[in-house]
Q: 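Dropping a structure here in structure tokens format, bear with me for questions.
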Amino acid sequence: MPGDTRPCPTCGIAMTRTRCFPKFCSEDCRPRCAVDGCENPTRKLTWCAGHYQQQRDSGAPPRPFRHKWSKRIPCLNCGASNGNSKHRRFCTDACRVAFALHGGQRPTYVNCVACGVEVSLLARGKRGQRRKSCVKFCNPCRQDYDKYKMTSRELAARDGTDCGICGTPVDMTLPLSGDLMRPSVDHILARANGGTHDPDNLQLAHLQCNMRKSNRAMLVT
């Protein structure tokens, strides 16, 4: 009758009857597959479901699975078990790329190739993503280098921190946005007048001075 109890044949814990008694109290108490190396619970004829199906298909006694992905192989990069994933050595493509680039240990920072400042790879952006480990520049250097192939910090190291237009010092610590006195790269001979991105045609200037000069040869006051 429902509500009756009897002990589990493996651990002895009392099992309650609903319509009928379960064979075991849990999957952990169920006997393991009789095939060597297989730790899956028995389903029928002392075999697990996979080996029982193998015996039905071939008609021969089941044998251990030969495929590497039939076992839980830990990911070489993060150590997570990938189970039957199509990635035999790594759980994801990201782990495969990280292992190829860094030998399994992702760096926490990189040095900007232009100014040498440490760029953190642990900080997350507005969408929660981290920087790629292949980043080469910090934010100020990346914006200048992509356009001019030379950064405002490199110009400051070459010519000093004085503005090339007004002659007053430029504060190199100001952020990229929100301040018109931040450093910028200026063309001595404007591009509209035939100037080039050659380093000899570049100078350090306040952003405000750069905007007021525009494509003129002299600063307009």
Side-chain angles (χ1 to χ4, degrees), residues 75-80 87 89-221:
C75 175
L76 293 181
N77 185 58
C78 66
H87 307 281
R89 302 173 63 195
F90 306 99
C91 58
T92 61
D93 285 332
C95 278
R96 176 176 54 81
V97 173
F99 188 85
L101 293 177
H102 311 294
Q105 296 181 354
R106 188 178 190 271
T108 58
Y109 71 92
V110 294
N111 292 321
C112 176
V113 298
C115 63
V117 172
E118 291 186 0
V119 181
S120 175
L121 299 179
L122 301 179
R124 296 184 179 274
K126 296 181 180 180
R127 298 182 180 180
Q129 74 280 12
R130 289 182 177 179
R131 289 179 181 267
K132 295 182 178 180
S133 57
C134 60
V135 65
K136 295 182 179 180
F137 301 98
C138 60
N139 287 338
C141 291
R142 185 184 70 251
Q143 294 189 7
D144 291 341
Y145 194 87
D146 287 346
K147 188 174 182 180
Y148 310 113
K149 304 305 178 185
M150 196 168 186
T151 68
S152 58
R153 294 181 182 179
E154 291 176 326
L155 291 174
R158 186 190 70 179
D159 304 328
T161 57
D162 290 342
C163 176
I165 300 176
C166 68
T168 59
V170 179
D171 188 354
M172 303 300 296
T173 63
L174 292 177
L176 292 178
S177 59
D179 199 317
L180 292 178
M181 300 305 291
R182 70 175 179 85
S184 68
V185 178
D186 173 53
H187 291 89
I188 299 175
L189 179 62
R191 291 277 291 166
N193 298 329
T196 64
H197 291 320
D198 188 82
D200 294 336
N201 191 44
L202 301 178
Q203 64 181 356
L204 179 68
H206 295 107
L207 178 62
Q208 178 175 304
C209 296
N210 199 345
M211 295 169 63
R212 291 175 63 190
K213 175 190 173 185
S214 185
N215 61 349
R216 300 175 180 86
M218 296 295 293
L219 174 63
V220 178
T221 58

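In this chain, numbering begins with 1 at the start of the sequence shown.
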Q: With a 4.5 Å cut-off on side-chain heavy atoms, are Pro183 and His206 touching?
A: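 A side-chain contact under 4.5 Å is absent here.
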Q: Which residues satisfy the side chain to side chain contact (heavy atoms under 4.5 Å, CB included) test with Pro169, sequence neighbours excluded?
A: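 Pro169 satisfies side chain to side chain contact (heavy atoms under 4.5 Å, CB included) with Asp162 once adjacent residues are dropped.
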Q: Rounded to the nearest 0.5 Å, how far does CG of Asn210 lie from OG of Ser184?
A: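 The CG atom of Asn210 is 4.0 Å from OG of Ser184, to the nearest 0.5 Å.
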Q: Can you sort out the partners of Met211 under side chain to side chain contact (heavy atoms under 4.5 Å, CB included), two or more places apart, ordered by chain and number?
A: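 Applying side chain to side chain contact (heavy atoms under 4.5 Å, CB included) to Met211 gives Leu180, Leu207.
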Q: Among all residues two or more places apart in sequence or in another chain, which pass the side chain to side chain donor-acceptor pair (under 3.5 Å) test with Asn201?
A: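 In terms of side chain to side chain donor-acceptor pair (under 3.5 Å), with neighbours along the sequence ignored, Asn201 is linked to no residue.
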Q: Tell me the closest heavy-atom pair linking Ala205 and Cys163, and the distance in Å.
A: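 Closest heavy-atom pair between Ala205 and Cys163: CA-SG, 3.6 Å.
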Q: Could you state the interatomic distance from CG (Leu155) to OG1 (Thr161), rounded to the nearest 0.5 Å?
A: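 Reported value, rounded in 0.5 Å steps: 12.0 Å.
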Q: Listed by chain and number, what are the side chain to side chain contact (heavy atoms under 4.5 Å, CB included) partners of Thr151, not counting sequence neighbours?
A: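 Listed in chain order: Ala114, Cys141, Asp144, Tyr145, Arg153, Glu154.
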Q: Could you work out, with side chain to side chain donor-acceptor pair (under 3.5 Å) as the rule, every residue matching Ser214, not counting sequence neighbours?
A: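 Ser214: no side chain to side chain donor-acceptor pair (under 3.5 Å) contacts found.
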Q: Less than 3.5 Å apart, any donor N or O on the side chain of Asp171 or Thr173 sitting next to an acceptor on the other?
A: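 Checked: Asp171/Thr173 side chains pair up, N/O donor to acceptor below 3.5 Å.
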Q: Which value, rounded to the nearest 0.5 Å, describes the distance between Met181 atom CE and Gln208 atom CD?
A: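 Reported value, rounded in 0.5 Å steps: 5.5 Å.
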Q: Using atom types as modelled, flag every donor-acceptor pair under 3.5 Å from a side chain in residues 185-192 to any protein atom, sequence neighbours excluded.
A:
{"unit_1": "Asp186", "atom_1": "OD2", "unit_2": "Gln203", "atom_2": "NE2", "d": "2.7"}
{"unit_1": "Asp186", "atom_1": "OD2", "unit_2": "Lys213", "atom_2": "NZ", "d": "3.1"}
{"unit_1": "His187", "atom_1": "NE2", "unit_2": "His197", "atom_2": "ND1", "d": "3.0"}
{"unit_1": "Arg191", "atom_1": "NH1", "unit_2": "Gly195", "atom_2": "O", "d": "3.3"}

Q: Looking only at non-hydrogen atoms, find the nearest pair between Met172 and Ala156 and report the distance.
A: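 Reported closest heavy-atom pair: CE-CB, 3.9 Å.
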